[in-house]
Amino acid sequence: GAVVSQHPSWVICKSGTSVKIECRSLDFQATTMFWYRQFPKQSLMLMATSNEGSKATYEQGVEKDKFLINHASLTLSTLTVTSAHPEDSSFYICSALLLDYNEQFFGPGTRLTVL
Amino acid sequence: QKEVEQNSGPLSVPEGAIASLNCTYSDRGSQSFFWYRQYSGKSPELIMFIYSNGDKEDGRFTAQLNKASQYVSLLIRDSQPSDSATYLCAVNRNTGNQFYFGTGTSLTVIP
């Protein structure tokens, strides 16, 4: 399958700071990437759909000014959690869409802990 | 009504048995169906996809799709303890690249 990486794999930050998470498709170009959040023992929750060269589409209830998404190239999307708070602590997972096969491949996830 | 529904489980089967995981979806226009496996603390990994009615086999895994009943299932033959994980069903409408995930079924294979 296609390979998607995320960086960092885990991060601890202080409340009020911002954290940037990178998602890269390593062996294919992805015009569409997705960002998910998953709290412990809960299901995946789609936060936003990131499209290369255009604004991200956010799901209802997700603050676009707090979760900044940039998809500047066909292999990189970034999610910036601004002014992080402890309730933002979660497992953030990106995925990239392999368009020819309409398959979604997930990155390994980033575990964010906000103190 | 949720787009994709799965029994949350937990589902327990003895080692060597067949595990059957089920998923229903609400949109008849759905065209692509996926099964992902997620180990605790890890991200989902794609196991199988199916587009056409009927069965699709890959090793110990068989996906079954019935579009008339809006039902997709995953069978795991000769279940192993390493199959213990949460299995996510996902459905794609092929419009706007929208994927819908079920809440997942937790499977435990008992040695």
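Atoms considered below: every heavy atom in the structure, side chains included; atoms not considered: hydrogens, waters and symmetry mates. Keep in mind that what you see is a predicted model, and the values were worked out from it rather than measured. By convention in this document, chain letters (A, B, ...) are assigned in the order of the sequence lines, proteins followed by strands, and residues within each chain are numbered from 1.
- By number of non-hydrogen pairs under 4.5 angstrom with chain B, the leading residue of A:P108, A:G109, A:S95 is A:P108.
- Proximity to chain A is limited to the side chain of B:Y51, based on heavy atoms less than 4.5 angstrom apart.
- To the nearest 0.5 angstrom, A:T32 atom OG1 is 9.0 Å from B:F99 atom CZ.
- One hydrophobic cluster, built from ILVMFWY side chains closer than 4.5 Å, cannot hold both A:Y92 and A:L76; they sit in different ones.
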message: Go through it in stages, so that I can follow the logic: the residues are A:I93 and B:K42, the test is side chain to side chain contact (heavy atoms under 4.5 Å, CB included), and I'd like the CA-CA distance, side-chain angles, deciding distance and then a yes or no.
response: CA-CA 9 Å; A:I93 310 171; B:K42 302 293 186 182; over 6 Å; no
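- Enclosure of atom NZ in A:K20 is not indicated, since only 12 or fewer non-hydrogen atoms of other residues, nucleotides or ligands lie within 6.0 angstrom.
- The hydrophobic cluster containing A:W10 also contains A:L115, counting ILVMFWY residues as joined when their side-chain heavy atoms lie under 4.5 angstrom apart, directly or transitively.
- One hydrophobic cluster holds both B:M48 and B:F33 under the rule that ILVMFWY side chains link at heavy-atom gaps under 4.5 Å.
- Residues B:F101 and A:L46 are not in side-chain contact: their nearest non-hydrogen atoms beyond the backbone lie 4.5 Å or more apart.
- Counting heavy atoms from C-beta outward, B:Y36 and A:Q104 have side chains that approach closer than 4.5 Å.
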message: What verdict does the side chain to side chain contact (heavy atoms under 4.5 Å, CB included) test give for A:E103 and B:L46, after you've listed the backbone C-alpha separation in whole Å, the side-chain angles of each residue and the deciding distance to 0.1 Å?
response: CA-CA 9 Å; A:E103 292 176 33; B:L46 181 66; 3.2 Å; yes
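- Rounded to the nearest 0.5 Å, atoms CG (A:L97) and CG (B:N92) are 7.5 Å apart.
- Looking at B:E45, neither its backbone nor its side chain comes within 4.5 Å of chain A, counting heavy atoms on both sides.
- If you chain together hydrophobic residues whose side chains sit under 4.5 Å apart, A:F106 and B:L88 fall into the same group.
- For the pair A:G107 and B:S43, the tightest heavy-atom approach, listed with the atom from each and the gap, is O-OG, 2.5 Å.
- Residues B:L21 and B:Y25 fall within the same hydrophobic cluster, defined by Ile, Leu, Val, Met, Phe, Trp and Tyr side chains chained together at heavy-atom separations under 4.5 Å.
- Comparing A:M45, A:Q38, A:Q42, A:K41 by heavy-atom pairs within less than 4.5 Å of chain B, the highest count is held by A:Q38.
- Sparse packing is recorded around CG of B:N7, with 12 or fewer heavy atoms of other residues, nucleotides or ligands lying under 6.0 Å away.
- Other residues, nucleotides and ligands place more than 12 heavy atoms under 6.0 Å from the NE2 atom of A:H85.
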